[in-house]
Amino acid sequence: MQAFLQFSPEVAAARAAGKPVVALESTIISHGMPYPQNVQTAREVEQVIRDAGAVPATIALIDGKICVGLADAQLEQLGNAQDALKVSRRDLAYVLAEKKLGATTVAATMICAALAGIEVFVTGGIGGVHRGAETSFDISADLQELARTNVAVVCAGVKSILDIGLTLEYLETHGVPVVSVGQPGFPAFFTRESGFNADFQLDTPAQQARFIRTKWQLGLTGGVVVSNPVPVESAMQSDEIDGIIAQALREADARGVKGKAVTPFLLARIKDLTGGRSLATNIALVKNNALVGAHLAVALHAAAHV
Ligand code: PSU
Ligand code: MN
């Protein structure tokens, strides 16, 4: 297994020095945002993490290796590539064995982070139960991964392209706690409120770290969703975004978009239909999550060394 892992010099040094490390996904770069904002954002998010006292490790699959920490040229390669595959649990072995270029989703990033001994992972939004899943069976593999892999995932909730209520039900069934930061409400990515509450509000990194350590010390395997609302000044109006999401969903349906193409299609349409405004919100919330994730990694690290 170690043979597949390739650490960047920065991440290798952090591991040797016992510094806290924060994982970042790469599907958000290849399939979640347009070039060049994707690469620019990836760099800025990494810097937010460094400035907060942790070390960023963006994860991708390159030349048969799980790269943990990417060089600038590798970020650029992923951000520009037309052939980067979106890699979830199902796709991981194929992409490594065939030495293809792979961008990791939340699920695959959690797997790779756990292999690399990284406990905290920052992203924008997680996948979930799609609207209409009762007939399509479209439920993101991210949720099963949260049920089984010990990584805390900091996100801004889930987009209302999904059925948020069913997503929370699914997580409950599988024993995945959903924590909120700074408010009781579970956020809906572009907006601060989804109309649903998280399970537990834990505002400080020390509280979050204590909760996560306790879970894992009890042998309760699986992840934790740490949901952090988009900053007020960057949030979108819910009536505006709701209409756009409804239109994007109708278009996906009309074109018969299926399977792993659904989420990237919806993300791209939302960006176009908002004239790029959703992208600004997306960038702001990822950076805000990076701050929460870095503080959590530092607190978990301190908790491990008392
Ligand atoms: N939701 C977002 N932005 C994203 C994704 C989801 O708001 O970039 C990406 C993540 O990589 C997530 C994946 O893990 O899409 C989920 O895809 P699917 O629904 O096919 O499981
Ligand atoms: Mn799906």
Side-chain angles (χ1 to χ4, degrees), residues 24-42 44-45 58 60 75 78-88 91 102-109 121-133 136 138-143 153-164 167 187-191 194 227 230 234-238 240-289:
L24 296 161
E25 66 158 301
S26 44
T27 294
I28 192 173
I29 302 173
S30 64
H31 293 71
M33 289 185 194
Y35 183 83
Q37 290 94 335
N38 54 359
V39 177
Q40 182 64 27
T41 303
E44 288 173 9
V45 168
T58 305
L75 281 181
L78 265 171
N80 243 323
Q82 299 305 309
D83 59 343
L85 296 171
K86 176 183 161 190
V87 179
S88 192
D91 315 290
T104 51
T105 62
V106 169
T109 306
F121 159 33
V122 165
T123 187
I126 57 172
V129 179
H130 282 259
R131 299 194 199 177
S136 68
D138 193 351
I139 299 174
S140 175
D142 293 352
L143 300 185
V153 180
V154 182
C155 64
V158 301
K159 289 196 175 81
S160 55
I161 58 173
L162 303 171
D163 188 318
I164 299 178
T167 300
F189 195 90
F190 296 118
T191 57
S194 64
S227 64
V230 58
S234 303
M236 295 187 76
Q237 296 299 319
S238 57
E240 181 195 6
I241 192 68
D242 288 350
I244 283 166
I245 284 172
Q247 181 176 340
L249 285 165
R250 280 194 303 273
E251 290 182 16
D253 201 39
R255 292 185 191 206
V257 181
K258 293 267 185 300
K260 70 192 278 192
V262 171
T263 299
F265 176 86
L266 293 171
L267 299 180
R269 284 305 290 149
I270 291 167
K271 192 215 75 188
D272 289 344
L273 291 167
T274 59
R277 261 169 310 128
S278 67
L279 183 58
T281 300
N282 200 342
I283 292 169
L285 66 83
V286 178
K287 286 189 191 170
N288 190 41
N289 292 345

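Computed from a prediction, not measured in an experiment: that's the story for all the values here.
Heavy-atom minimum distance, Ala107 versus Ser88: CB-OG, 3.6 Å. In this structure, Leu162 and Val129 approach most closely via the heavy-atom pair CB-O, 3.4 Å. Across Ile164 and Ala188, no two heavy atoms sit closer than the pair CD1-CB, 3.9 Å. In plain terms, the two heavy atoms of Leu75 and Ala42 that are nearest each other are CD2-CB, 4.1 Å. Minimum interatomic distance between Gly102 and Leu78 (heavy atoms only, all atoms of both residues): O-CD2, 4.4 Å. Closest heavy-atom contact between Ile139 and Ala133: CG1-CB, 4.3 Å.
With sequence neighbours excluded, the residues that form a salt bridge (charged side-chain N to carboxylate O under 4.0 Å, His left out) with Lys287 are Glu44. Under the rule for a side-chain contact (heavy atoms from CB on, under 4.5 Å), the partners of Asn38 that lie at least two apart in sequence or sit in another chain are Ile29, Met33, Tyr35. For Thr123, the side chain to side chain donor-acceptor pair (under 3.5 Å) test picks out Glu25, with sequence neighbours left out. Listed by chain and number, the residues in a side chain to side chain donor-acceptor pair (under 3.5 Å) with Ser227 amount to none (sequence neighbours excluded). Residues that satisfy the side chain to side chain donor-acceptor pair (under 3.5 Å) test with Thr274, not counting sequence neighbours, are Ser278.
When side chains are defined from C-beta on, Lys159 counts as touching Leu267, because their heavy atoms get closer than 4.5 Å. Looking only at side-chain heavy atoms (C-beta outward), Asn282 and Lys271 stay at 4.5 Å or farther from each other. Contact annotation: the side chain of Val106 approaches that of Phe121 to within less than 4.5 Å [non-hydrogen atoms, C-beta and beyond]. Looking at heavy atoms from C-beta onward, Pro264 lies in side-chain contact with Lys86 at the 4.5 angstrom threshold.
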Under 3.5 Å, sequence neighbours excluded: what are the donor-acceptor pairs made by side chains of residues 242-251?
{"from": "Gln247", "atom 1": "NE2", "to": "Glu251", "atom 2": "OE2", "distance (Å)": "3.1"}
{"from": "Glu251", "atom 1": "OE1", "to": "Arg269", "atom 2": "NE", "distance (Å)": "2.5"}
{"from": "Glu251", "atom 1": "OE1", "to": "Arg269", "atom 2": "NH2", "distance (Å)": "3.2"}
{"from": "Glu251", "atom 1": "OE2", "to": "Arg269", "atom 2": "NH2", "distance (Å)": "3.1"}

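Taking CD from Gln82 and OG from Ser30, the interatomic distance works out to 10.5 Å, rounded to the nearest 0.5 Å. Distance CD1/Ile270 to OG/Ser160: 7.5 Å, rounded to 0.5 Å. Between atom CD1 of residue Ile241 and atom CZ of residue Arg277 there is a gap of 8.5 Å, rounded to the nearest 0.5 Å. With values rounded to the nearest 0.5 angstrom, Asp142 atom CG is found 8.5 Å from Thr109 atom OG1. The line from CG of Leu266 to CG of Leu273 is 10.5 Å long, rounded to the nearest 0.5 Å. In this structure, the separation between OG1 on Thr104 and CG on Asp91 is 11.0 Å, given to the nearest 0.5 Å.
Side-chain polar atoms of Ser234 and Thr281 form no donor-acceptor pair below 3.5 angstrom.
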